[in-house]
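Shown next, in structure tokens, is the structure this report addresses.
These numbers come from the heavy atoms of this one structure, side chains and all, not from hydrogens, waters or symmetry mates.
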Amino acid sequence: EFVCRSNGIKDYAFKTIAAAGKNATILHYVDNNSEIKDGDLILFDLGAQNNYYNADITRTFPVNGVFSERQKEVYNAVLRVNERVIKTIKPGLEYKELNKMATEWIAEECINLGLIKDKKEVSKYYWHSIGHSLGLDTHDISNKDRNTIFKEGMVWTVEPGIYIEEESIGIRIEDDVLITSDGVQVLTKDMIKTVEDIEEFMKKTNKYNGMIYGMCIGVGVGTALGVVFNHTILGLAIGLGVGMFVGSLFTNKHDDDIE
């Protein structure tokens, strides 16, 4: 919200979905009021509105900055389908056919993950379509029978997902694409989505947060020392030193966890 408002965006395409752990297996979870726990994945499905046109984007990442091996397996399965669909869309392709192919690919991934044995069981872990038209409405006007033929200039979402309630893993990766003359232009290409890029980004962010946390402690300690010694400047100097030390401890601990 801060980034949107800082860039002059005042309206949103829909109410943000922020779902962690098991809640991420609920397609449109909007309560956004549960505790986020260490080891959880959090799924953000959100979109801004600019000049009455809407975006619809989903990213999923680990709250502690590191995917578990199982989370990584499931995430990469969803990512493979996401990238496969993006490479497949082109003018002349019927949406129904794309949706059928995507469901087939997700079923294959679910079999490889040990979730199902028969592709017909895929609906246990994936129960929505692969995407929708996007424009003046988040789910923009489309053919009621969903047999739209892709044409140059259309904007569509690509949003495969796998939702495993019994493992508290819900993962969706959603991009917005513009149909071009021979394929698509990914409008959300600058939003990172590989495991490696996400973990690297989270590592940098947690380092920064650790230093900020330490500095806050330092200011608190400095204020207290200033009162004790009746010397605010000396107290703050000592406090900031303590804060930098504490911040480095948090940073080093996080580095150890990553390694």
Salt bridge (charged side-chain N to carboxylate O under 4.0 Å, His left out) involving E69 - partner list, sequence neighbours excluded: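 For E69 the salt bridge (charged side-chain N to carboxylate O under 4.0 Å, His left out) partners, ignoring immediate neighbours, are K72.
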
Salt bridge (charged side-chain N to carboxylate O under 4.0 Å, His left out) partners for E97, two or more places apart: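 For E97 there are no salt bridge (charged side-chain N to carboxylate O under 4.0 Å, His left out) partners, ignoring immediate neighbours.
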
With E174, the side-chain contact (heavy atoms from CB on, under 4.5 Å) member among L46, D56, T60: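 Among L46, D56, T60, the one that satisfies the side-chain contact (heavy atoms from CB on, under 4.5 Å) with E174 is D56.
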
Does anything in [range] pair up under ring pair (Phe, Tyr, Trp, His ring centres under 6.0 Å), and if so which pairs, sequence neighbours excluded?
range            : result
residues 162-193 : W127-Y163, H128-Y163
residues 4-43    : none
residues 63-118  : F67-Y75, Y95-W156

Please answer: with hydrophobic residues joined when any side-chain heavy atoms are less than 4.5 Å apart, are [X] and [Y] in the same cluster?
X    : Y    : value
M191 : M202 : no
I57  : L27  : no
V177 : I149 : no
L134 : I179 : no

In the structure I gave you, are the side-chain heavy atoms of [X] and [Y] within less than 4.5 Å of one another anywhere?
X    : Y    : value
I111 : K119 : yes
V66  : E199 : yes
L113 : I162 : yes
T58  : I173 : no
E152 : S181 : yes
Y125 : I164 : yes
T25  : K22  : yes
E159 : I130 : no

How long is the span from the [atom1] atom in [X] to the [atom2] atom in [Y], to the nearest 0.5 Å?
X    : Y    : atom1 : atom2 : result
I26  : I17  : CD1   : CD1   : 10.5 Å
K151 : L93  : NZ    : CG    : 14.0 Å
T180 : M154 : OG1   : CE    : 13.5 Å
C110 : K117 : SG    : NZ    : 15.0 Å
S168 : Q71  : OG    : CD    : 10.0 Å
N23  : S34  : CG    : OG    : 4.0 Å

Looking at [Y] and [X], is there a salt bridge between them, counting it only when a charged N and a carboxylate O are closer than 4.0 Å?
X    : Y    : result
K203 : E200 : no
D45  : R172 : yes
D175 : K193 : yes

Donor-acceptor pair between E94 and N147 side chains, under 3.5 angstrom: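 No, because no side-chain N or O of E94 sits under 3.5 Å from a partner of the opposite role on N147.
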
Check whether [X] reaches the backbone of [Y] with its side chain - one donor and one acceptor, N or O, closer than 3.5 Å.
X    : Y    : answer
D118 : K120 : yes
E83  : R80  : no
N54  : G135 : yes
N76  : E73  : no

If I compare all heavy atoms of [X] with all of [Y], which pair ends up nearest, and what's the gap?
X    : Y    : result
P91  : G183 : CD-N, 4.0 Å
A13  : A55  : CB-O, 3.3 Å
P160 : I106 : CB-CD1, 4.0 Å
Q49  : I9   : O-CG2, 3.6 Å
A102 : V85  : CB-CG2, 4.0 Å
D40  : E35  : OD2-O, 4.3 Å

Derivation of the side-chain contact (heavy atoms from CB on, under 4.5 Å) call for L98 and F150: CA-CA 10 Å; L98 178 70; F150 290 120; 3.8 Å; yes

Check against side-chain contact (heavy atoms from CB on, under 4.5 Å), I171 and I169: CA-CA 6 Å; I171 295 171; I169 294 176; 3.8 Å; yes

Verdict with reasoning, K100 to E104, per side-chain contact (heavy atoms from CB on, under 4.5 Å): CA-CA 6 Å; K100 183 179 178 181; E104 190 84 1; 5.7 Å; no

Trace of the side-chain contact (heavy atoms from CB on, under 4.5 Å) decision for I89 with V158: CA-CA 10 Å; I89 301 177; V158 175; 3.7 Å; yes

Contacts of L187 that satisfy side-chain contact (heavy atoms from CB on, under 4.5 Å) - sequence neighbours left out: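 Checked L187 against side-chain contact (heavy atoms from CB on, under 4.5 Å); matches are V155, D176, L178, Q185.
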
